[in-house]
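Attaching a single structure in structure tokens format; questions to follow.
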Amino acid sequence: MNSPLMSFQQRVSHALADGQLRVALDRTTERFTLKRVAGLASLPDADVVRDRARSIRLHTLSRLDEYLEQFEANVTSVGGQVHWASDAQEANEIVLDLARSRSVKRVVKSKSMVSEEIELNQALISGGLDVVESDLGEYIIQLAGETPSHIIAPAVHKTREQIGQLLADKLGVPMTDDPVEMTATARSALRDVFLQSEMGVSGVNFGVASTGSLAIVTNEGNASLTVTAPRIHVAMMGIERVVPTLDDLAVMLLVLARSATGQKLTVYTDLLTGPRRGDPDGPEELHVVLLDNGRSRLVGTEVGEVLACIRCGACLNACPVYQQIGGHAYGSVYSGPIGAVLTPSLDREGPWHELPEASSLCGACREVCPVRIDIPRMLLALRAETVRSGKANQWVRIVFWLYRIAATKPRLFRCGVSVVRQLTRMFFVNGWLLRLPSPLSSWTQSREFPVIASRTFSEEMRDREEGSGDE
Amino acid sequence: MNESRGAILERVRSGRLGAPVESRPVLPTPIPTKDSSSLLDRFVQEAETVGAIVHRSDRRELSVEIVLRVLGDAGVNRLISWEPNDLPIPELTKAAVDNGVQLVSPPTPAKAKTISREWAAMATADAGLTGAVGGLADTGTIVLCSGPGRPRLTWLLPPLHVVVLHSSLVHPTLSAFMEECGELFRCSSHVAFVTGPSRTADIEQTLTIGVHGPKEVHILLVDHDCNPIKESEAAQAATGSGETGDRMSKNDLVQ
Amino acid sequence: MPETIFSVQLFATCLVDAIRPAAGLATLRLLERLGVKVIVPSGQTCCGQPAFNSGCLADARAMARYTIDLLEKSPVPIVVPSGSCSDMIVHRYRELLADDPAYASKAERVAARTYELSQYLSDVLKVQDVGAQCRRTITYHPSCHLLRGLGVRSAPSQLLDSIADARCVSLPGAEDCCGFGGTFAVKMGELSSAMLNRKLDAIVESGADTVVACDVGCLMHIEGGLKRRGSNVVVRHLAEVLVESE
């Protein structure tokens, strides 16, 4: 993952100051949330299904090596080929080698978070290939030269007016703010891309171990076209995305669409089992690239549960932090609460230790997660890791060390409270502090800070005891 | 075959070492709706909710009439059709041609060793005609599977998709379908669950129909005897999809 | 005065102690009025949550052990007038001390008999009406750890609904976090402010003159924001309004 140029705090400030972004986020995250609630309400026993979905994911992870081997064997037996990639570079080289050895010039892509993670597009483009994204949102941000800001709605940060202007600038069509017209423009622009590309690159929502099938879902049908018209299909898949059987897949699909968009099932749910067999269309070759890139190291660790994520995006929409700053401020392809866990976990050396701090630990993410991933618990584990490894801000460690000393010695604690009281009472106005020194100044930039009470609760209690003793 | 494979599997293995295997509860068999008419009503209702148009027919002649009307109303001049024997009602293709519709074929015939990828002609079709191997009542989904006489682009490229589904193939849920029809996935390299017309909400979460796939999906739900699409055919791709005629009764369709 | 059959110890929390003693006093008065015998263990300080949330686990553990020792002196249930501190004791102490042979089972015991105030009123005392009376238009902010951590969804609202002469109005986006999050409010001050502003807008929109919550952290955060805006809306801890009568 590339490191962002600005610091996290700067990116947050930048996002908060972006009025257009706030408009776009306000318009969309709420719609997402309403649809998700309605979607889950359409399951008669949503909680039972979510429990089942969780147990399927945890079970799979607890035997991941076996299921991966089974998956590989079955993909191979139906005529596909499995490639294992330890990291981004290896994965990109695999795809580039496939393209070169088969004289591929044009590549059509359907949305894949894994390929965003490894920056496959850049690798292929620098390798001299034409690469076009076919998901409408991805197409928009590719035209804009940007990166996605949401797992399932990559252009969520843009208003329709901005998109209309972009299409007008890049494609020379008349400016419009009508999504229907813009969609028609994209349809006709992308038709030839699907039909003339020699290679289609897709993501994988789930790989079924028992059959070697790949499940790929889209609403637009762009993945279906991507894996049908071109001669070669390359499927990019994280090693954690395997499920044991078709029955398990059915359960996962039941919660995926509902949590992502509130639909009962995605419009196109394609199950691909090997390349074409006597069919007049479909790919001649099927290649599955299994990407590790830091995942295997997480198995069995405190943050191992993050591998259960099915990338529905529900936690992003529910997160009050994401709602404020959108996806780009996180600085990596995985944003929102799950990104704040996933990014520092996958890329331990990267500059990501502030991401787990970007949460008030409100728990909205855990509440909406279809597989009940305890994201706050993992954010806490990562914060603790930051402290353990010495990357934490020194003042935080000193303050809590002092606080602990005081808090385990009640008399010292009371003394401390008195001292702070004296200090705060020197500067207060009508019972409030209007300005505090750094680092506490970030509080008083927008809020007053309370002063210590003239009589604390423990002082009141002491008086009461002494009073009752007098009786 | 490469070092990464071994290294990845080894890391996964050592990570889960000593940890218990998480149990995964056996999924209860979905309870099929006893009452087939309510199952079909549910299918129709859900399919319409997601924007598909459902027509019902209990007579073969009526079915042909309906398809011709749908094609006519949409002003279809060029049609991609599955091989007649791959359609539940084989005479549909001929009826459309007799009605003045021009057939557009894949650039290479079925079962060819190598195929041409000149899709331009197919892309000019106004409609695609297919047959479903299943329907899912609780989501309004149709299930399609590719095969030698069943090109996938038929249900993907044209702006209008007409699909024939026999009522006995409607399953209550996706889980029920997976349970009963698991073999399908060994036979067909592309099984598609299609739920309504192509759509996107990538611009401000505003729903827009027909972004890459069809704008309109017409489902003809039929009750009369017809020619089923058999799973086994796909498996026998090399030997051809030779089943013909009307000889199968409704009961034979139930798998 | 009804006969005393219930006995509890009150763990007031550091914020109630130093910032809002009124909430502690009101809790005490409310419980006593309901016939509960209340012990207030002396020497109580902080549950350790701020250190825990900042990743300073060694410090958090020391504070957790100290608090557990304090609360283990008496076997009676523990009542805490704070959702987040209750959640810390109920859920996090176990995790924090799971590998500590001397404290793991003590942590379990303390967790099992710890209740947030509204939880204790509704689940143990089974009261929904405490006989309060006041002329206020009240809106209720469900604090995150109470709502999603402890799963207390309806008890506070029911208690508020029972107040004579008070009108309860709904808070738009009620379950959205106010942006406090302990040290989050300082470490991510700008972000926290943006979240607070949304909450304050919702409070104004609700038309209430009083915001009630069960966490002093959220209350001081919201109150600090209202003061900065020059708003007349007041904030109260649940216990404070439940002991009112004119």
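Keep in mind that what you see is a predicted model, and the values were worked out from it rather than measured. Scope of the values below: all heavy atoms of this structure, side chains included, with no hydrogens, waters or symmetry mates. Just so we're on the same page: letters track the sequence lines, and every chain starts at 1.
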**OP:** Would you mind telling me which of A:Ala229, A:Gly274, A:Pro244 has the largest number of heavy-atom pairs within less than 4.5 Å of chain B?
**Re:**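 It is A:Ala229.
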
Subject >> Step-by-step side chain to side chain contact (heavy atoms under 4.5 Å, CB included) determination, B:Arg5 to A:Glu69 >> reply: CA-CA 10 Å; B:Arg5 180 185 188 279; A:Glu69 286 178 306; 3.9 Å; yes

Original post:
Counting heavy-atom pairs under 4.5 Å to chain A, which of B:Val50, B:Val143, B:Val194 comes out on top?
Top reply: B:Val194

Original post:
Which of the residues A:Leu68, A:Thr159, A:Leu61 is involved in the greatest number of heavy-atom pairs with chain B at under 4.5 angstrom?
Top reply: A:Thr159

Original post:
With respect to chain B, which residue among A:Thr301, A:Thr218, A:Thr273 yields the maximal number of heavy-atom pairs within a distance under 4.5 Å?
Top reply: A:Thr273

Subject >> Proximal component of A:Ser213, with respect to chain B [non-hydrogen, under 4.5 Å] >> reply: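 Just the side chain, heavy atoms under 4.5 Å.
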
**OP:** Report the option among A:Asp192, A:Leu136, A:Leu64, A:Val227 that has the most heavy-atom pairs separated by less than 4.5 Å from atoms of chain B.
**Re:** A:Leu136

Subject >> Proximal component of A:Glu90, with respect to chain B [non-hydrogen, under 4.5 Å] >> reply: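 Contact with chain B is through the side chain of A:Glu90 alone.
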
Subject >> Engaged part of B:Glu46 at the chain A interface, taking heavy atoms whose separation is under 4.5 Å >> reply: side chain

**OP:** Measure the OG1-CZ distance between B:Thr114 and A:Arg231 for me, rounded to the nearest 0.5 Å.
**Re:** 11.0 Å

**OP:** Could you tell me which portion of A:Ala184 (side chain, backbone, both or neither) has an atom closer than 4.5 angstrom to a non-hydrogen atom of chain B?
**Re:** neither

Original post:
Under a 4.5 Å heavy-atom cut-off, does chain B meet the side chain of A:Ile140, its backbone, both or neither?
Top reply: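 Interface part for A:Ile140: side chain.
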
Subject >> Interchain contact, B:Thr208 with chain A, by part (heavy-atom threshold 4.5 Å) >> reply: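 Contact with chain A involves the side chain of B:Thr208 alone.
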
Subject >> Most contacts with chain A, counted as non-hydrogen pairs under 4.5 angstrom, among B:Ile8, B:Leu174, B:Thr139, B:Thr108 >> reply: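 If we count pairs closer than 4.5 Å to chain A, B:Ile8 comes out on top.
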
Original post:
Looking only at heavy atoms, what is the nearest atom pair of A:Ser296 and B:Val12, with distance?
Top reply: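 Result for this residue pair: CB-CG2, 3.7 Å.
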
Subject >> B:Ser4 OG to A:His83 NE2 distance, which is reported to the nearest 0.5 Å >> reply: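 Answer for the OG-NE2 pair, B:Ser4 versus A:His83, is 12.5 Å.
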
Subject >> A:Leu298, part contacting chain B, at a heavy-atom distance under 4.5 Å >> reply: neither

Original post:
Going from OG1 on A:Thr228 to CG on B:Leu153, what distance comes out if it is rounded to the nearest 0.5 angstrom?
Top reply: 6.0 Å

**OP:** Go through the atoms of A:Ile163 and report whether side chain, backbone, both or neither lie under 4.5 Å from a heavy atom of chain B.
**Re:**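 Contact with chain B involves the side chain of A:Ile163 alone.
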
Subject >> B:Arg117 vs A:Glu198, salt bridge (Lys or Arg N to Asp or Glu O under 4.0 Å): CA-CA, chis, key distance, verdict >> reply: CA-CA 9 Å; B:Arg117 288 180 188 272; A:Glu198 298 94 2; over 6 Å; no

Subject >> A:Ser134 backbone acceptor or donor facing B:His212 side chain under 3.5 Å >> reply: yes

**OP:** Check whether B:Thr200 gets within reach of chain A through its side chain, its backbone, both or neither, counting any heavy atom under 4.5 Å.
**Re:**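 Contact with chain A is through both the backbone and side chain of B:Thr200.
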
Original post:
With only heavy atoms counted, which part of A:Ile239 is less than 4.5 Å from chain B, the side chain, the backbone, both or neither?
Top reply: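 Contact with chain B: side chain only.
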
Subject >> Heavy-atom proximity to chain A below 4.5 Å, by part of B:Leu157 >> reply: both

**OP:** Kindly say whether A:Gln196 contributes a backbone atom to a donor-acceptor pair with the side chain of B:Trp119 at under 3.5 angstrom?
**Re:** no

Original post:
Quick check: does any side chain N or O of B:Arg152 sit under 3.5 Å from a backbone N or O of A:Asp279, one acting as donor and the other as acceptor?
Top reply: no

**OP:** Applying side chain to side chain contact (heavy atoms under 4.5 Å, CB included), run through A:Tyr268 and B:Leu156 and close with a yes or a no.
**Re:** CA-CA 10 Å; A:Tyr268 296 94; B:Leu156 291 171; 4.0 Å; yes

Original post:
Within the distance-only criterion (no hydrogens, no angle test), does the side chain of B:Arg16 pair as donor or acceptor with the backbone N or O of A:Ser62 below 3.5 angstrom?
Top reply: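 Yes; judged by distance alone, with no hydrogens or angles, the pair exists.
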
**OP:** Could you tell me which portion of A:Arg276 (side chain, backbone, both or neither) has an atom closer than 4.5 angstrom to a non-hydrogen atom of chain B?
**Re:** both

Subject >> Top of B:Thr206, B:Ile203, B:Leu144 for chain A proximity - count of heavy-atom pairs under 4.5 angstrom >> reply: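 When all of B:Thr206, B:Ile203, B:Leu144 are compared, B:Ile203 has the most.
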
Subject >> Under 4.5 Å from a heavy atom of chain B, the part of A:Pro283 involved >> reply: both

**OP:** Determine, stepwise, if the pair B:Gln205 / A:Thr29 fulfils side chain to side chain contact (heavy atoms under 4.5 Å, CB included).
**Re:** CA-CA 9 Å; B:Gln205 285 301 292; A:Thr29 52; over 6 Å; no

Subject >> Interchain contact, B:Lys113 with chain A, by part (heavy-atom threshold 4.5 Å) >> reply: backbone

**OP:** Heavy-atom distances under 4.5 Å only: say whether A:Lys35 touches chain B with side chain, backbone, both or neither.
**Re:**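 Contact with chain B: side chain only.
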
**OP:** Would you confirm whether A:Asp65, through its side chain, and B:Leu9, through its main-chain N or O, come within 3.5 Å as a donor-acceptor pair?
**Re:**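 No: the side chain of A:Asp65 does not pair with the backbone of B:Leu9.
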
**OP:** Check each atom of A:Val78 against the heavy atoms of chain B and say whether the ones under 4.5 Å are side chain, backbone, both or neither.
**Re:** neither

**OP:** Go through the atoms of A:Leu190 and report whether side chain, backbone, both or neither lie under 4.5 Å from a heavy atom of chain B.
**Re:** side chain

Subject >> Top contributor to chain A contacts, counting heavy-atom pairs under 4.5 Å, from B:Ala192, B:Gly140, B:Pro151, B:Gly213 >> reply: B:Pro151

Original post:
Which answer fits B:Pro214, side chain, backbone, both or neither, if we ask what part of it has an atom under 4.5 Å from a heavy atom of chain A?
Top reply: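 Both parts, backbone and side chain.
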
**OP:** Specify which of A:Pro230, A:Pro275, A:Ala153 makes the most heavy-atom pairs with chain B at under 4.5 Å.
**Re:** A:Pro230

Original post:
How long is the gap from CG on A:Leu253 to CE on B:Met178, to the nearest 0.5 Å?
Top reply: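 The CE atom of B:Met178 is 6.0 Å from CG of A:Leu253, to the nearest 0.5 Å.
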
**OP:** Report yes or no: does B:Ser198 contribute a side-chain atom to a donor-acceptor pair with the main-chain N or O of A:Glu220 at less than 3.5 Å?
**Re:**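 Indeed, once roles are kept as given, a pair shorter than 3.5 Å links the two residues.
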
Original post:
Would a distance-only check, ignoring hydrogens and angles, find a side-chain to backbone donor-acceptor pair under 3.5 Å from B:Arg13 to A:Arg63?
Top reply: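 Answer holds: no.
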
Original post:
Checking A:Glu66 against chain B: side chain, backbone, both or neither under 4.5 Å from a heavy atom?
Top reply: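 Only the side chain of A:Glu66 comes within 4.5 Å of chain B.
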
**OP:** Could you have a look at B:Gly210, B:Pro109, B:Ser116 and say which one has the most heavy-atom pairs with chain A under 4.5 angstrom?
**Re:** B:Gly210

Original post:
Which value, rounded to the nearest 0.5 Å, describes the distance between B:Phe193 atom CZ and A:Leu265 atom CG?
Top reply: 8.0 Å

Subject >> Main-chain N/O of A:Thr211 paired to B:Arg186 side chain as donor or acceptor, under 3.5 Å >> reply: no

Subject >> B:Arg199 side, atom CZ; A:Thr266 side, atom OG1 - distance, nearest 0.5 Å >> reply: 9.5 Å

**OP:** Taking all non-hydrogen atoms of both residues into account, name the closest pair between B:Gly147 and A:Pro280 and its distance.
**Re:** O-CD, 3.5 Å

**OP:** Among A:Val299, A:Leu286, A:Leu271, single out the residue with the greatest number of heavy-atom pairs under 4.5 Å to chain B.
**Re:**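 That would be A:Leu271.
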
